[in-house]
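Here is how names work: the chains are called A, B, and so on, in the same order as the sequence lines, proteins then strands, and each is numbered from 1.
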There are 2 protein chains.
Amino acid sequence: MQIPQYRQLYESLRHQIIAGIYQQDDLLPSENQLADLHQITRMTVRQALNELVKDGYIRKQKGKGSFVNLRRKTVGMLAFRDPQTGLVGNELLLQSKILGKPSIQSWDTPFFFPISEQEKQAGCIMAINLHSIDTSPLMLEYYYLPNINLPGFIMTPFVKESIMESLRISYHVEASGVEQEISATLATAQEAQFLQIPVGSPLVHVWRRYTTNRMGYYFYSSSFCYTKHYSLSSVIL
Amino acid sequence: MQIPQYRQLYESLRHQIIAGIYQQDDLLPSENQLADLHQITRMTVRQALNELVKDGYIRKQKGKGSFVNLRRKTVGMLAFRDPQTGLVGNELLLQSKILGKPSIQSWDTPFFFPISEQEKQAGCIMAINLHSIDTSPLMLEYYYLPNINLPGFIMTPFVKESIMESLRISYHVEASGVEQEISATLATAQEAQFLQIPVGSPLVHVWRRYTTNRMGYYFYSSSFCYTKHYSLSSVIL
DNA sequence: GAGTGGTCTAGACCACCTG
DNA sequence: AGGTGGTCTAGACCACTCG
């Protein structure tokens with residue numbers, strides 16, 4: 001078996017929800033109906049539906065059924081949101097841009113997160129990403145990648161001007177979880193310059209440590225967010 | 001059946017993990033062993049273990065087993081953390097205190113979140129909670145509770161000087177999810193006074209909308225966090 | 001009363017990991 | 001080779017919802 005049956009059903013339903021075939025608060029077929037329809041047992045259907053619940057696509061109610069939920073949880077990532085229009089994340093025209101050339105250097109000591117000996121030996125690829133909406137910068141991100149098994153990273157062109165996308169597409173490294181440390185700071189000269197704001201503006205500072213699909217490989221980021229016009233939103237179940 | 005068997009096993013294992021009987025990275029008994037031990041089927045054991053995975057108490061690895069994970073995800077809540085010692089949440093001696101008397105008032109207009117007609121009619125219970133570590137204040141929280149089905153709330157003594165605890169113990173209202181909006185601000189005179197910090201200090205400002213186990217009942221909070229010495233941490237899978 | 005999701009049983013085969 | 005977790009089957013009874 002290549003792809004598990006519950007996964008296929010999950011993807012099928014997920015696709016229909018995203019495509020709008022099932023809409024907000026629509027009632028999905030019952031578990032027994034789905035089981036008959038796909039010629040699988042109800043337990044397998046339940047596994048697919050429970051994954052959809054976990055990922056926020058549907059909600060279940062005993063005695064009634066499974067309903068579509070379009071408000072999805074943002075998995076660890078904070079997404080920008082316009083409090084005026086209510087627009088979130090991808091609905092906004094977010095632009096991403098790599099600043100300068102990524103460089104290989106030694107780790108800052110002390111680094112915010114504890115670094116293993118192997119990571120220290122390997123050195124650190126540092127890259128800077130600036131996210132804007134229209135022409136106004138919102139978030140300045142410093143990425144720190146242990147230089148392990150990423151051949152040619154600093155020479156390879158970036159995908160969609162995004163470090164996360166490049167890791168995913170070019171090296172099949174995907175973030176599977178995030179640990180975040182959040183604080184408030186005042187903009188220094190450098191942050192003020194990149195974000196085109198006055199020195200001393202309040203910024204949300206987020207340190208992140210990403211776990212990945214590559215066992216034992218972590219990477220890190222330090223982000224400065226200007227939240228005067230757009231706040232950071234996250235929905236968690 | 002009162003309490004499901006998988007829930008009993010979940011609580012039993014969870015208790016043993018918290019109590020330190022199973023420690024970080026310890027190997028739990030295998031699914032088959034747990035099934036034999038508790039005279040239940042493996043599928044029921046798996047449901048218990050999967051809940052533990054979901055709540056971050058253990059991790060599973062195919063071919064090896066289930067391992068204890070003490071780094072738990074903080075469900076929606078941001079927990080304070082001391083970057084020096086690495087202490088998180090309850091390990092720190094966090095003190096909670098209700099400031100003044102809660103009052104029933106009308107909702108601020110406009111309120112940060114959209115308010116339903118029913119919530120507007122009912123009015124709003126406002127209460128202020130201050131969280132400190134030792135004697136230094138860390139977080140100032142304004143709670144906004146729709147005055148629906150909370151008889152005697154403003155007269156009832158609080159449980160552990162905490163609004164969330166009081167809702168849970170006295171009214172069986174429990175938060176099941178959170179939507180957060182995060183921004184950075186500068187401390188006003190009022191925040192500076194409560195938090196005993198200079199006016200103009202950078203603060204993390206968090207607006208929250210809680211979903212609860214009571215269908216259709218939401219409550220809200222607005223928190224100001226002083227992050228100079230302790231950052232806000234959250235781990236999300 | 002009929003249908004729904006929640007819980008549970010007693011098996012089975014598989015891919016993965018370790019000795 | 002033997003044990004582990006991942007997937008799956010074909011049933012069952014229950015509490016809840018609604019007409």
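For A:Lys60, the side-chain atoms get nearest to C:dG6 when compared with the rest of D:dT7, D:dA10, C:dG6.
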Pairs: protein N or O with nucleotides 1-4 of chain C N or O, under 3.5 Å:
unit_1	atom_1	unit_2	atom_2	d
C:dG3	N2	A:Gly63	O	3.2
C:dT4	OP1	A:Ser30	OG	3.2
C:dT4	O2	A:Gly63	N	3.4

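A donor-acceptor contact under 3.5 angstrom links the side-chain atoms of B:Arg42 to the base of D:dG6.
Between B:Ile58 atom CD1 and D:dT4 atom C1' the separation is 13 Å, expressed in whole Å. At whole-Å resolution of the value, CG in A:Leu9 and C1' in D:dT7 are 14 Å apart. The separation between A:Tyr6 atom OH and C:dC14 atom C1' is 14 Å, rounded to whole Å. Summarising the geometry, the separation between CD1 on A:Ile40 and P on C:dA12 is reported as 22 Å, rounded to the nearest angstrom. When the C1' atom of D:dT7 is taken as reference, atom CG of A:Asn50 falls 14 Å away, rounded to whole Å. Taking atom CD of A:Gln47 as the reference point, atom C1' of C:dG5 lies 16 Å away to the nearest angstrom. Remark: P of C:dG6 and CD1 of B:Ile3 are 18 Å apart, rounded to the nearest angstrom. The separation between A:Gln39 atom CD and D:dC8 atom C1' is 14 Å, rounded to whole Å.
A donor and an acceptor atom, one from each side chain of B:Gln118 and B:Ser116, are nowhere located under 3.5 Å apart. Side-chain contact annotation: B:Gln16 with B:Ser12, donor-acceptor N/O pair under 3.5 Å present.
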Donor-acceptor list for residues 60-67 of chain A side chains, cut-off 3.5 Å, not counting sequence neighbours:
unit_1	atom_1	unit_2	atom_2	d
A:Lys60	NZ	A:Glu31	OE2	3.0
A:Lys60	NZ	A:Asn50	OD1	3.2

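Between C:dT9 and B:Gln5, a contact under 4.0 Å exists linking OP1 or OP2 to a side-chain N or O. At D:dG5, none of the side-chain N or O atoms of B:Arg46 fall inside 4.0 Å of OP1 or OP2 (strictly under the cut-off). Within the 4.0 Å cut-off from OP1 or OP2 of D:dT9, at least one side-chain nitrogen or oxygen of A:Thr44 is found.
Electrostatic pairing of B:Asp25 and B:Arg59 counts as a salt bridge here, judged by a charged N lying under 4.0 Å from a carboxylate O. Of the charged side-chain nitrogens involved, at least one lies within less than 4.0 Å of a carboxylate oxygen, so that B:Arg7 and B:Glu51 count as a salt-bridged pair.
Judged as a ring-ring contact (aromatic ring centres under 6.0 Å, His included), and not counting sequence neighbours, the contacts of B:Phe158 are B:Phe153.
Taking the six-membered ring for Trp and the full ring otherwise, B:Phe111 and B:Trp207 have centroids separated by under 6.0 Å.
With the nearest nucleotide of DNA chain D identified for both B:Met43 and B:Leu28, B:Leu28 has the one nearer the 5' end.
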